[in-house]
Every structure is written in structure tokens, then in C-alpha cells.
Protein chains: 2
Amino acid sequence: MSRRGQPNLATPGRRQVILEAALACFDETGVAATTIEQIRDRAACSIGSLYHHFGGKEGVASALFIDGISDLNAGLLQRLDDCSNAEQGVRTCVLHYADWVTRQPELARFLVHAREINFAPEARAELKAIYQRHFGAVFTWFGRFVLRGDMKQLPPETYIPIISGPIEDYARLWLSGRTRTPLAEVAEVFAEAAWNAVRAS
Amino acid sequence: MSRRGQPNLATPGRRQVILEAALACFDETGVAATTIEQIRDRAACSIGSLYHHFGGKEGVASALFIDGISDLNAGLLQRLDDCSNAEQGVRTCVLHYADWVTRQPELARFLVHAREINFAPEARAELKAIYQRHFGAVFTWFGRFVLRGDMKQLPPETYIPIISGPIEDYARLWLSGRTRTPLAEVAEVFAEAAWNAVRAS
DNA sequence: GCATATTATAGAATATAATTCTAATCTAAA
DNA sequence: TTTAGATTAGAATTATATTCTATAATATGC
């Protein structure tokens, strides 16, 4: 028993428990409006524990964000492995995003709506490294098809917005409840549009 | 002189002064991290005044958001008036967004990054009405060209993401400093891609 | 196994920020 | 003028975030 009469509830999974509690709170109330206290309640942990692992709400949000993005990115690279031509690759970018959002809407909602996280310098650096590695890999994958003339030659920084922008925009719409049509029902339309936008004409 | 030795600085433009101060704070520090105190300092007003006009930070953000969206929307409808065919219309949607963001990057940054505002019910209702009116007008404008066969027939809720998603995605990139290439330099690419994605094939 | 270092938990104490509230002042209309 | 409503002021209060010290659990070296 601790000094103040409560047992110490240390568990190896405490970090994960806090992350899940936080995600549920963020999803119900929004990141800005959820309090440390709410997360603490739902995770059934102490304030000290929460600060020990994450250093505050900002830190919880950062960790959640980095985990989410990493999972999303890793999934895409895995699926690109099975593609053998430019059209398949482009369609996979769109369809994977739609699948992923459909499978974990709470996490997706968090990623999409939480653009206002004030990442700590280390988190910022980690995120930057993640992006660089990911986009590097994606560009490597697609590069040969541009060189080979299967895809239009465009300013490099425009490919991702052109291919992924529309499905991401629609996902935001769906996640916020402003449209009912599930992603699965329109994903093909976006895949088709993306391919039309970048295929060599 | 007031009870506590300070003159009352009432001005008719106080509301606007607060909005501008808030935007500057939001842009420098992020919405989540700016405090009422910071806004109060920059606007040189009292806490009472701020709460009187907006009811808190949330209210300031809501007003700013509604003003910004309204201006963006109004501008588009105005420019669509001068268009006489589908291609011009589609390109105008893209180019107007690029122009608008370039002209007021701070406000654009706020609109784009502040997806986490907890609008009060009235603000939410107002925003919904604004969106309905705007998208209603835009769909009316484009409808005839779809009927006439100049544009692809697609699920209605996919047109806007397909046309505007990419330029919005790129604008986010540019506004957050992750790309240097100005919108004006790539806007044509996006206009072209948008038209290719929706033109009748 | 036992001592010791490291990591994790707890929650009271403190610091910071949001919000409310009452009084004073301004403005415009009668 | 007078007066009602709108606006401003800032102290007081309330809510929330953060720090800090004491314990307890766990891992590590011997």
C-alpha cells in the first residue's frame, strides 16, 4: 500500500491504456475540450502516471498522431509491394486510404481534425523523419513509371495532392457526418479520377 | 473616469479589433495555445469586453471562421458569374482558391488548421446554412453542364472533393511551410488536373 | 537471492488560465 | 434631458494544467 492508502496499479500496458482512453475522449469531445482529468478518469490512472509517460495532453496527442500516421503509411507501402504498374499503384493509394479510414474511423477522425497539435521539438523531428522516409519510399516506387512515360511529368510536390487530395477531402466529409455515403461506395470513383489525372495522355 | 480609474475605451470597431488581434495570435501561437489574455493584450481591451462580444475564445474563433468562409465563398460565386462554360467554371474553382489563399495566408491558415473549433449551436446552425446556400448555388451553376454532357456524371458529393481537394491539400502544404513553391506557380497544374478528372471523356 | 538503480505510480500542492459577475460608462432614442 | 440598452472594466471565482515529493514496482548487477 502506498503512503496515501491506494495500491500502486502499475502495468506494462499503462501507456497503451492511456492512449486508448485519450482517443476515446478526443473523439467524443474534441482534443481542445477534453481535460487531463477526463483522460485520467477513463484510463483509471493517476495524474502523475500520465505526466510521467507523456508530459501532458499535448504529448498524448503527439504520440497518438505519430502512431496513427505510422500505421497508415506502413499499410500503404505494404500494399504497394503487390502492385506492378502505375495504375495499380495510384489506385492502391486511394483505396488503401479509404479502407484504413473505414476500419478505424476514430483514429482517422483524430488524425484529420487534429491539425492543431503543438508538437514538442522531438516529436516534430520524429514526424519529419517519418514523412521523409515515407514519401521517399513512395516517390522511389512511382519514379520509374514517370520516367518510363506511364504517368504525366508534373512538379513533384503536386502528385500527392492530386492523387490523395480528393479521397482525403471526402473522408473528412464522411468522418464529420456531413455525408452518409460510405467511403467504400465512392472509393472507386476517386481511384478512377486520380488515375485519369496523372496518367500519360 | 471609471470606478477603477481607467477611461472607458468603447469604440464601434472594437469587435473587429478583437477579431484581428485574435487572428494574429492564432497565427503565431496556434488556436489551442493562445490565451484570452494574449488576445486581450493585443486588442488592448478588457476581458469583459471580449466576453461581451464573443463569449470566449471559442466564440472569437467561430466568428473568424464564419467571416472567412463567407468571404471565400462569396468570391467564388462572383467569379463564376463571368464563366460561360464548364471548363472555365472548374478552372475558376481551383484558381480562385489559390488566389484567395495567396492574398490572405493568415486567415487561410486559420481556416485550414482550425478544424477543431467547438462551435456553439447557433454558430453551427449558421455555418450549416452558409454551406447549404453556397453549395446549392455552386451545384445550380454546374448542373446544366452535367446535364448537357460536358461533364462526367458522378455521385453528387464527389464533385467538390475531386475538383477542390488537390488544391486545398497543396495549400495546406504551402501554408504550413512544407513546400516553398508558391500556389500561383502550380495552380495551373491543379486546374488542368481538375478539369481532366471531371470532363466528359 | 539480495542490494541497488531505474522506472512507474500516486495525489497533494501550486501555478495558470478561463469564466462569471457587479459596477461603471457610453450611446442613442424619446 | 432622461432613460434604456449596449459596452467596457477588472476583481473575484472557478476550472484546469502542471509540478513536486513520496512510495512502490521492476530490472540489473553481483
Side-chain angles (χ1 to χ4, degrees), chain A residues 1-22 25-26 28-64 114 116-123, chain B residues 1-22 25-26 28-64 114 116-123:
Chain A
M1 301 293 262
S2 104
R3 179 166 61 102
R4 283 150 218 169
Q6 288 299 316
N8 186 327
L9 297 170
T11 62
R14 173 60 48 94
R15 230 188 100 94
Q16 199 53 35
V17 168
I18 293 174
L19 283 177
E20 278 158 26
C25 290
F26 291 164
E28 279 174 18
T29 326
V31 178
T34 74
T35 67
I36 296 279
E37 178 86 356
Q38 289 173 307
I39 300 173
R40 192 196 65 79
D41 279 354
R42 171 118 45 166
C45 71
S46 68
I47 294 173
S49 208
L50 211 152
Y51 272 85
H52 171 70
H53 287 291
F54 300 102
K57 193 168 75 172
E58 211 65 30
V60 178
S62 302
L64 214 44
E116 260 268 311
I117 303 172
N118 262 322
F119 293 102
E122 316 83 56
Chain B
M1 300 294 263
S2 100
R3 178 167 62 101
R4 287 157 212 162
Q6 288 301 314
N8 186 328
L9 298 170
T11 62
R14 174 58 49 95
R15 231 187 99 95
Q16 198 54 35
V17 168
I18 293 174
L19 284 178
E20 278 159 24
C25 290
F26 291 165
E28 278 175 17
T29 327
V31 178
T34 72
T35 67
I36 296 280
E37 178 87 354
Q38 288 173 307
I39 300 173
R40 191 196 66 78
D41 278 355
R42 174 121 40 170
C45 71
S46 69
I47 294 174
S49 206
L50 211 152
Y51 272 86
H52 172 72
H53 287 291
F54 299 103
K57 193 168 76 173
E58 210 65 31
V60 178
S62 301
L64 215 43
E116 260 269 310
I117 302 171
N118 263 323
F119 293 102
E122 317 83 56

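Lettering follows sequence order; numbering is per chain, from 1. Both backbone and side-chain heavy atoms feed into the values below; hydrogens, waters and symmetry mates do not.
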Using atom names, set out every protein N or O paired with an N or O of nucleotides 14-17 of chain D below 3.5 Å, distance rounded to 0.1 Å.
{"residue": "dA17(D)", "atom": "OP2", "partner": "Ile36(A)", "partner atom": "N", "Å": "2.9"}

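- Considering all non-hydrogen atoms of both residues, Ser49(A) and Arg14(A) come closest at OG-NH1, 3.6 Å.
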Please output the side-chain donor-acceptor pairs of residues 56-63 of chain A that fall under 3.5 Å, not counting sequence neighbours, one pair per line with the distance.
{"residue": "Lys57(A)", "atom": "NZ", "partner": "Val31(A)", "partner atom": "O", "Å": "3.2"}
{"residue": "Lys57(A)", "atom": "NZ", "partner": "Ala32(A)", "partner atom": "O", "Å": "3.2"}
{"residue": "Lys57(A)", "atom": "NZ", "partner": "Thr34(A)", "partner atom": "O", "Å": "3.0"}
{"residue": "Glu58(A)", "atom": "OE2", "partner": "Asn118(A)", "partner atom": "N", "Å": "2.4"}
{"residue": "Ser62(A)", "atom": "OG", "partner": "Glu58(A)", "partner atom": "O", "Å": "2.8"}

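- Comparing atom distances between the His52(B) side chain and each of dT18(D), dG10(D), dT7(D) picks out dT7(D) as nearest.
- Between Arg15(B) atom CZ and His53(B) atom NE2 the span is 8.0 Å, to the nearest 0.5 Å.
- Side-chain N/O atoms of Ser46(A) include none lying less than 4.0 angstrom from OP1 or OP2 on dT9(C).
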- prompt: Do Glu37(B) and Arg42(B) pass the salt bridge (Lys or Arg N to Asp or Glu O under 4.0 Å) test, and can you show the C-alpha distance, the side-chain angles, and the key distance before you say yes or no?
  reply: CA-CA 9 Å; Glu37(B) 178 87 354; Arg42(B) 174 121 40 170; over 6 Å; no

task: Please test Cys45(B) against Ile18(B) for side chain to side chain contact (heavy atoms under 4.5 Å, CB included), starting from the C-alpha separation and ending with a verdict.
output: CA-CA 8 Å; Cys45(B) 71; Ile18(B) 293 174; 4.0 Å; yes

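- Within the 4.0 Å cut-off from OP1 or OP2 of dT7(C), not a single side-chain nitrogen or oxygen of His53(A) is found.
- Between the CG atom of Leu50(B) and the CZ atom of Arg40(B) there is a distance of 9.0 Å, given to the nearest 0.5 Å.
- Position along DNA chain D of the nearest nucleotide to Gly48(A) versus Gly48(B) favours Gly48(B) as the more 5'-ward residue.
- The side chain of Ser49(B) lies closest to dA9(D) when the candidates are dA9(D), dA10(C), dA8(C).
- The nucleotide whose nearest atom lies closest to any side-chain atom of Arg14(B) is, among dT9(C), dG11(C), dT8(D), dT8(D).
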